Amino acid sequence: MRMGLVRHFKADHIPARGWITGEQFNRWVAEYDAAGIRPAPFTDHTEHWDYCICSDLPRAVHTARLIYSGDIALSEQLREIGVAAVKLSWFKLPAACWMVIGRLMWLAGHPSQPESRRETSQRIISVLDKLEAEPQRKNVLIITHGAFMKQLERELRRRSY
């Protein structure tokens, strides 16, 4: 089996500017998750994909529809790793700082994050186990998100892909 990984196209969402509270950051993340994409040119004439599985978030679905012409299987298991600001309602930071802190808290296993590293790993293992259990799938295209894709790639390498 061969697997191709594609990160969704750039989200059509205005970056958070200035210093914001954790609550404002969390709202921005929710809006980002609901955002579509800015279509971009994409040419991949070298591969034929038998199957496409995609995150069910709008930006990934829109990307999949632009680059894959067949049926697309949607999966919430391919969603981005959740990120949330630590509960400091009076504290303001740039959005990029909130993002870095959130990802560091996720790495450290802090309960402020919507999902633990273990839960992320279990999602990845579940998706890959299901795909590998279907021998008719030869060339699989997976469309997902940046941080999740890095963890997915790590597990694929561990499985010798």
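On a predicted model such as this, the values are computed, not experimentally measured, just so you know.
- Other residues, nucleotides and ligands contribute more than 12 heavy atoms inside 6.0 Å of the CZ atom of Arg159.
- Note that CG of Asn139 and NE2 of His48 are 7.0 Å apart. Values are rounded to the nearest 0.5 Å.
- The residues Arg157 and Glu153 are annotated as salt-bridged, a charged nitrogen and a carboxylate oxygen being separated by less than 4.0 angstrom.
- Between Arg79 and Phe148 there is no side-chain heavy-atom pair separated by less than 4.5 Å.
- Contact annotation: the side chain of Pro39 approaches that of Leu66 to within less than 4.5 Å [non-hydrogen atoms, C-beta and beyond].
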Exercise. Using the side-chain contact (heavy atoms from CB on, under 4.5 Å) rule, take His62 and Asp12 through it: C-alpha gap first, then chi angles, then the decisive distance, then the call.
Key: CA-CA 11 Å; His62 294 160; Asp12 190 15; over 6 Å; no

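- Using cut-offs of 30° and 60° on the angle between ring planes, the pair His13 and Trp28 is tilted.
- Between Trp49 and Arg2, the shortest heavy-atom contact is CZ3-O, 4.4 Å.
- A pairwise comparison of heavy atoms in Leu57 and Glu80 identifies CD1-N, 4.3 Å as the closest pair.
- Counting heavy atoms of neighbouring residues, nucleotides and ligands inside a 6.0 Å radius, atom CZ of Arg154 does not exceed 12 of them.
- There is no path of hydrophobic side-chain contacts, each under 4.5 Å, that joins Val29 to Val100.
- Side-chain atoms of Gln24 come within 3.5 Å of backbone atoms of Thr21 as a donor-acceptor pair (strictly under, hydrogens ignored).
- Of all heavy-atom pairs between Arg7 and Thr63, the closest is O-CG2, 4.4 Å.
- The closest side-chain heavy-atom distance from Arg103 to Gln113 is not below 4.5 Å.
- Environment of CG in Asp71: sparse, with no more than 12 heavy atoms of neighbouring residues, nucleotides or ligands closer than 6.0 Å.
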Quiz prompt | Evaluation steps, side-chain contact (heavy atoms from CB on, under 4.5 Å), between Ile53 and Ile142 | solution = CA-CA 5 Å; Ile53 185 168; Ile142 301 172; 3.8 Å; yes

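- In this structure, CG in Leu93 is found 6.0 Å from CH2 in Trp19, a value given to the nearest 0.5 Å.
- A distance of 8.5 Å separates CH2 of Trp106 from OG of Ser116, quoted to the nearest 0.5 Å.
- No chain of hydrophobic side-chain contacts below 4.5 Å, direct or via other Ile, Leu, Val, Met, Phe, Trp or Tyr residues, connects Leu131 to Val6.
- Note: the hydrophobic cluster containing Tyr32 does not contain Leu78 (ILVMFWY, side chain heavy atoms under 4.5 Å, direct or indirect links).
- Closest approach of Phe25 to Ala95, counting heavy atoms only: CE1-O, 3.6 Å.
- Summarising the geometry of Arg38 relative to Phe9, their closest heavy-atom pair is O-CB, 4.0 Å, with the distance given to 0.1 Å.
- Between His145 and Ser55, the side chains place a donor N or O and an acceptor N or O closer than 3.5 Å (distance only, hydrogens not considered).
- Salt-bridge annotation for Arg137 and Asp50: absent, with no side-chain N of the basic residue lying under 4.0 Å from a carboxylate O of the acidic one.
- A distance of 8.5 Å separates SG in Cys54 from CD1 in Ile67, rounded to the nearest 0.5 Å.
- Checking Glu115 against Thr120 by side-chain atom types alone, a donor-acceptor pair falls below 3.5 Å.
- A continuous path of ILVMFWY side-chain contacts below 4.5 Å connects Tyr161 to Met149, so both sit in one hydrophobic cluster.
- Side-chain contact between Leu152 and Leu128: present, with at least one pair of heavy atoms (C-beta onward) separated by less than 4.5 Å.
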Self-check item: side-chain contact (heavy atoms from CB on, under 4.5 Å) evaluation trace for Lys130 with Gln77
Solution: CA-CA 11 Å; Lys130 286 177 190 172; Gln77 288 187 307; 3.5 Å; yes

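- Looking at heavy atoms from C-beta onward, Lys138 lies out of side-chain contact with Tyr51 at the 4.5 angstrom threshold.
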Exercise. Check the pair Val83 / Trp98 against side-chain contact (heavy atoms from CB on, under 4.5 Å), numbers first and verdict last.
Key: CA-CA 9 Å; Val83 63; Trp98 284 117; over 6 Å; no

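- If you take CD1 on Ile81 and NZ on Lys150, they are separated by 10.0 Å, rounding to the nearest 0.5 Å.
- Atom CD1 of Ile14 has 12 or fewer heavy atoms from other residues, nucleotides or ligands within 6.0 Å.
- Taken together through direct or relayed side-chain contacts under 4.5 Å among Ile, Leu, Val, Met, Phe, Trp and Tyr, Leu141 and Val127 form parts of separate hydrophobic clusters.
- Considering only heavy atoms from C-beta on, Ile72 comes within 4.5 Å of Leu74 through its side chain.
- Checked against Leu5 for a side-chain contact (heavy atoms from CB on, under 4.5 Å), the options Leu156, Val140, Thr144 give a single hit: Leu156.
- Nearest heavy atoms, Arg59 versus Asp33: NH1-CA, 3.1 Å.
- For Arg65, the CZ atom is loosely surrounded, since the number of other residues' heavy atoms within 6.0 Å does not exceed 12.
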